[in-house]
Each structure stands twice: as structure tokens, then as C-alpha cells.
There are 2 protein chains.
Amino acid sequence: MDDYPLDGTAALPPADIAAAWERELPGVPTSSIGVLTPLWRAAKTLAEERRRTLARLGLDAATLDLLSTLRRSGPPYTLTTRQLAAQTLVTAGAISQRVARAERDGLVVRQASTASRRAVAVVLTDAGHARVGTAVRALLEHEEALVAALDPVEREALGALLARLGTAAG
Amino acid sequence: MDDYPLDGTAALPPADIAAAWERELPGVPTSSIGVLTPLWRAAKTLAEERRRTLARLGLDAATLDLLSTLRRSGPPYTLTTRQLAAQTLVTAGAISQRVARAERDGLVVRQASTASRRAVAVVLTDAGHARVGTAVRALLEHEEALVAALDPVEREALGALLARLGTAAG
DNA sequence: GCCTCAACGTTTAGACCTAAACCTAGGGAG
DNA sequence: CTCCCTAGGTTTAGGTCTAAACGTTGAGGC
């Protein structure tokens, strides 16, 4: 995966991509490219960075997302499948699979919910509790260093612009 | 997948996530959350939007990425596996699988490269050429509408900040 | 002329996701 | 009491990705 021999054909600057489409499909609107291409690339680069960091800790992003949602919910560190799906922005089917893997690894357990007999309560085990604490500390420290490329004012502006773009599409 | 019954537990604002970690793990640095959470969410929302748009056209994002990279390269609309991997930011293995699916669907063909006997030339078929033209027009028009939530100055600023963040991590 | 190593592709194992089918448990209408 | 519909979960089919193992094919050293 590391390094491709960059034989003159690496990722193009957004302006070049827009110019290429203008040539191939004259008249097509290209102004979104200047925003979305950097967005895809930043998200991908940061996701890879996160994956590498987590791999050293024996976790993956999906499992961390599950465990950290439970941990952030506070005592008694329990949420239903449905609640997890809503907070993590994935489908209930995906949660079901994540929980199955995490349960296999002893990080969570499934119990009958006290509230409703239909619901399933996903509970963080002691091992899961400890694991997510360590991982989140490491991850937040690492990511703090990455966003340090921007000063506080720029970070604020970037977060706000992304939130507006995200809600515009949602 | 549509709508979760939002039983009071939807996606939290970044500030609340940061507060929860400060409570669970006192002293942990949380300032990256204000940038990265909106970034993940915007990327995910826009990716879903793109998936829906492409599904109506009978394409998926991975295939479009392959076909559009070939189309943007201009005549003779041919690149090697390695060149495709470099430009699309995925591994050569992923390209190999994408090409296999696209070839099965008659959108590209594999030929021996004229330049090197080791290399494989992936060539856009007429069907692939037409398909990508239609899809890219539809997609760029749709995405133009999405980024219209930001004015030109904001779009410029957002693209520049994302580019800096992406290269800082890369 | 051989040998070895690097480059190019493909394949495989393991994880992940969505959409859709499927099961079960309750609640409400009659 | 029964029937049906809905909500919560799980399962399955199909597609996606990475990392790593595995063939080949050239190219350069000796």
C-alpha cells in the first residue's frame, strides 16, 4: 500500500480535474470539484491515519465507534441497538454485526432490555471499558497533533463550514 | 434505512461529544473533535447522497471513479492498473477488483499494454465512455446544487482549509 | 548466459457497509 | 379473543476495501 512509484501520474489538483471535465464535457458545472475533491481526500487520508493508529491498539474504527458511543453515554454504559444506530449514523444491520464481533471479542455483552422485552441492551464489559479508554486517549492525542496544522480560528471556521455543508445535503 | 424513530438519541453536536469525553476521561485533549466530527459527518452524508444519485443511473461510486479517471485522462482513454491506483488513491488490489466488475459489465476491457509487457492496459469501451458521460453530467449538476449552500468565497476557503488539513495528515 | 531483485497484477482472507428479507413480540381494533 | 400491523433485531446477498501472499516479467550485475 505504501508508495506508488509515481510515474508522473499521481492525484491531480482539483483545478486540473475541473479543466479535464470542461474539455471532455463542455459546459458541465465544475465548481463543486474545488470543495468536494479536497473533502474526499482529507477524509480518506485522516481515516487511514486513524486506522493505522487503532491497528497498533488492536482495534478498528467500527469497533471503536461502538465502544466509544457506549462509553460516552455514561453509566450504566448501555444502549439499545436502535439507539446505537441513531448515534453512529449506520444502519441497525451494521450495528448488529459490529456487536456480534465485539461480543465475540469480549468487549460487550447483549442482555434483554429492562425497558422493553423486544429491545436488546448492549452493555460495555470491564474489558471493553478499559480498552476504549486507552484507545480514545491515544487517538485524541494523535489527532490533536494533526489538526494543529490549523490555528484555532481556522479550526473553528472549518468546523462551521463543514457543518453547514453537511446539513445542506442531509 | 430511512428514518430512525429518533427516541431522543440522535447524533450529538460535537460540543456535547467533547464534554462527554472530558467527563469520562478528564484532561484528554478534545479540540480536534470540533473539526473531525463535522468532517466525518459531511463526508458520510455527501457519500450517501452520491450513492443515491448514482444508483438511479445504475452505477456505484467505485465504478464511477474508475470510469471517470479513464475518461478524464483523454484519448485514447487508457491507463494501467498502477496509474489508476495512483490517481484514485486506492490499492492496486482494489483496482484489480473494480476492473474485473467493470469488465464483466462491458464498460472496460483489459489489453496487453503496448509500452510494457508486464503492464495491463485498461481501456474504456464505447459503452463505458457513454455511461460515464451521462453519469458525470448528472452528478456534477446535483453536487453543484449541494455546494450552493456556501457562497463562492466560503467554498474557496473551505477547499483551501481541507487541502491543508489533508496534506498535514498525509 | 545466469541469477536475483524489483515492479506489476491478481488473488485471498478478513472486515465493513447497505438494502432487503425475515422473525418475533406487543398493542390496538373488532 | 383474534387478527394484523408495527417496531426492534438479525440475517443474507452483494459490493467495497486493505494487507499480504503469490505469480510473472524484465533488467541489471557478474
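As a basis for the values below, the full set of heavy atoms in this structure was taken, side chains included, without hydrogen atoms, waters or symmetry mates. Per chain, numbering begins at 1; letters A, B, ... match sequence-line order.
In this structure, Ile95(B) places its CD1 atom 19 Å from P of dA7(C), rounding to the nearest Å. In this structure, the CZ atom of Arg56(A) is 16 Å from the C1' atom of dA19(D), given to the nearest Å. If you take CG of Asp105(A) and P of dG14(C), they are 14 Å apart, rounded to a whole angstrom. Protein atom CG of Leu54(A) is 21 Å distant from nucleotide atom P of dG14(C), rounded to whole Å. Rounded to an integer number of Å, the gap from CG of Asp60(A) to P of dA13(C) is 20 Å. In this structure, Asp65(B) places its CG atom 13 Å from C1' of dC17(D), rounding to the nearest Å. Per the geometry, CZ belonging to Arg82(A) stands 11 Å off P belonging to dT10(D), to the nearest Å. Rounding to whole angstrom units, CZ of residue Arg52(B) and C1' of dT18(C) are separated by 12 Å.
Distances shown here put every side-chain N or O of Arg98(A) at or beyond 4.0 Å from the OP1 or OP2 atom of dA15(C). In terms of phosphate contacts, Thr81(A) brings a side-chain nitrogen or oxygen within less than 4.0 Å of OP1 or OP2 of dT10(D).
Ala62(A) comes within 4.0 angstrom of the backbone, heavy atoms only, and of no base. Contacts of Gln97(A) with the nucleic acid, taken as non-hydrogen atoms under 4.0 Å apart, include base atoms.
Toward the 5′ end of DNA chain D lies the nearest nucleotide of Ala119(A), the other residue of the pair Ala119(A) and Arg51(A) mapping further downstream. Residues Arg104(B) and Ser96(A) each lie close to DNA chain D; by heavy-atom proximity, the contact nearer the 5' end of the strand is made by Ser96(A).
Atom CD of Glu22(A) sits in a crowded spot, with more than 12 heavy atoms from other residues, nucleotides or ligands closer than 6.0 Å. Under a cut-off of 6.0 angstrom, the local environment of CG in Asp151(B) is crowded, with over 12 non-hydrogen atoms contributed by other residues, nucleotides or ligands.
By the ring-ring contact (aromatic ring centres under 6.0 Å, His included) test, His142(B) pairs with no residue at all, sequence neighbours left out.
In this structure, Leu64(B) and Val132(B) have side chains that are in contact, with non-hydrogen atoms separated by less than 4.5 Å.
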- Task: Evaluate side-chain contact (heavy atoms from CB on, under 4.5 Å) for Thr53(B) paired with Glu143(B), printing each intermediate quantity in order.
- Result: CA-CA 10 Å; Thr53(B) 302; Glu143(B) 295 185 340; over 6 Å; no

With 3.5 Å as the limit, what N/O pairs link the protein to nucleotides 26-29 of chain C?
residue, atom, partner, partner atom, Å
dG26(C), OP1, Arg117(A), NE, 3.0

